[in-house]
Amino acid sequence: MESITRFINCQVLRKGELVREDLWVRGGTVIDPMPLFYGEKCRENNIVDCEDGIVAPGYIDVQLNGAYGFDFSSDLNNIETSVRQVAKHLLSHGVTAFCPTVVTSSPETYREVLPRLTRAEGGRHGAAVLGIHLEGPFINKQKKGAHRESYVWDGGLVTSEDVQKMYSDLSNTSIVTVAPEITECSTIRWMSGEQIRVSLGHSMSDLHQAESAVDCGALFITHLFNAMLPFHHRDPGLVGLLSTRKNAFYGVIADGVHTDMAAIHLAYHSNKDGLVLVSDAMAAAGLGVGCHQLGSLKVEVTDVDGLLHARLADQPETLAGSVAMLDFCVRWFCRASQSNAAGALETASAHPANLLGLASKGSLDFGKDADLIVLDEQLNVKKTFIAGVQVWPELPALA
């Protein structure tokens, strides 16, 4: 008989609200306990006392460049080890699934790395790998940010043939970021038809170009406000999609550095259901102050008033990704947006699951995967479970 686990003394996140009730898990799935009681006459085998904590779906990070010294764009010889090590570390931050992100690179790098970054189930070994996020090279050089300019696309309007030639193998890819002003609508339609989520970013796009891209199938905006034209009342650019295309999701880096609190508050209250928190973490995340690697670029991490800033070593005015993990971003977002805890938690669970079309993840409805976290009232992660099994902190082995 399959083991039945009951989570007690908790508030469970259900449909945007924290509900005081027990949560039941069987065979890695959240279940309705009523048939157990009245049909099978069964009870639980295991009890998890949440000590008045919150039970929420595990976090899903759709933009993660690396962490703890590992970089998915430069560790070519050990890419499998890099993903495996980062996936393990993510469990302590409540992340149960993620999209390893490869920044603008050479065609040779894509040919070497992309076939090896395969999807994988989560477990004690680490968070699930949901597919690659390719951030570049089909971006605008004027908004390249920390991406190496020599690798940024310079071949005219991007066609589907250009995409296939550049990447060679898209079978492991879930998201591709492009600048809409340099990408043909037919290319966006083609990628969408291949079940790839097209994201808009690193762009000089005006609102009309952005709307056209969404109408052609684009579903996401990469790190809103960053690496795009600022909002202007005569042409709000990509930011204007918050109002005119509410079917589009948008990523926000709530690390206390990339996006001001007022901007986060404005975005969230313009389109609550579309906001997807991302860490945009790079190799320096988890390592502290010092000089670190992002792809082929050197990055300097400094402490400014208690917040870690990562900037290009040779261009200190340019932010180079985040060094905050997703659990920190959830806590910061809750403060910045003046959201309640339930709303903040959904931006890192339900919303990314909806973006990726993951029917079995992102909520604790009956029948969903029991990938979940237990948090305290301050939204600090206390325990992480995948398929109903505690994966962090690791339980001692039975004698």
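Treat the numbers as computed from the prediction; the structure is a model and nothing was measured.
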Salt bridge between Glu40 and Arg26, side-chain N to carboxylate O under 4.0 Å? yes
Main-chain N/O of Asn380 paired to Asp327 side chain as donor or acceptor, under 3.5 Å: no
With distance as the sole test, does Ser360 use its side chain to make a donor-acceptor pair with the main-chain N or O of Lys368 at under 3.5 Å? no
Is the shortest side-chain N to carboxylate O distance from Arg124 to Glu394 below 4.0 Å? no
Close side-chain approach of Val113 to Leu117, heavy-atom, < 4.5 Å: yes
Single-linkage hydrophobic cluster, 4.5 Å side-chain cutoff, Phe385 and Val25 together: yes
Salt bridge present between Arg20 and Asp52 (N-O < 4.0 angstrom): yes
Mind jotting down which residue pairs meet the disulfide (SG to SG under 2.5 Å) criterion with at least one end in residues 186-242? Sequence neighbours excluded, please. Cys185-Cys216
Is the shortest side-chain N to carboxylate O distance from Glu21 to Arg14 below 4.0 Å? yes
Picking from His133, His223, His202, what satisfies side chain to side chain donor-acceptor pair (under 3.5 Å) with Thr177? His133
Among residues at least two apart in sequence or on other chains, which ones pass disulfide bond (SG atoms under 2.5 Å apart) with Cys50? none
Rounded to the nearest 0.5 Å, what separates atom CZ in Phe70 from atom CG in Asn65? 15.5 Å
So, taking the atom named CD in Glu2 and the one named CD1 in Ile31, what distance separates them when rounded to the nearest 0.5 Å? 9.0 Å
Are Asp61 and Ser279 linked by a side-chain donor-acceptor pair shorter than 3.5 Å? yes
Is Asp314 salt-bridged to Lys298, going by a charged N under 4.0 Å from an acidic O? no
For residues Ile139 and Ile253: do they belong to one hydrophobic cluster (side chain heavy atoms under 4.5 Å, members Ile, Leu, Val, Met, Phe, Trp, Tyr)? no
Regarding Ser212 and Asp215, is there a side-chain donor-to-acceptor distance under 3.5 Å anywhere? no
Do Asp365 and Lys15 sit within salt-bridge range, that is, some charged N less than 4.0 Å from a carboxylate O? yes
State whether Glu80 and Arg116 are salt-bridged, where the test is any N-O pair (Lys NZ or Arg NE/NH1/NH2 against Asp/Glu carboxylate O) under 4.0 Å. yes
Determine whether Leu200 and Val178 satisfy the following criterion, side chain to side chain contact (heavy atoms under 4.5 Å, CB included), listing intermediate values before the conclusion. CA-CA 5 Å; Leu200 309 177; Val178 301; 4.2 Å; yes
Spacing of CG belonging to Leu23 relative to CD belonging to Gln11, to within rounding of 0.5 Å: 13.5 Å
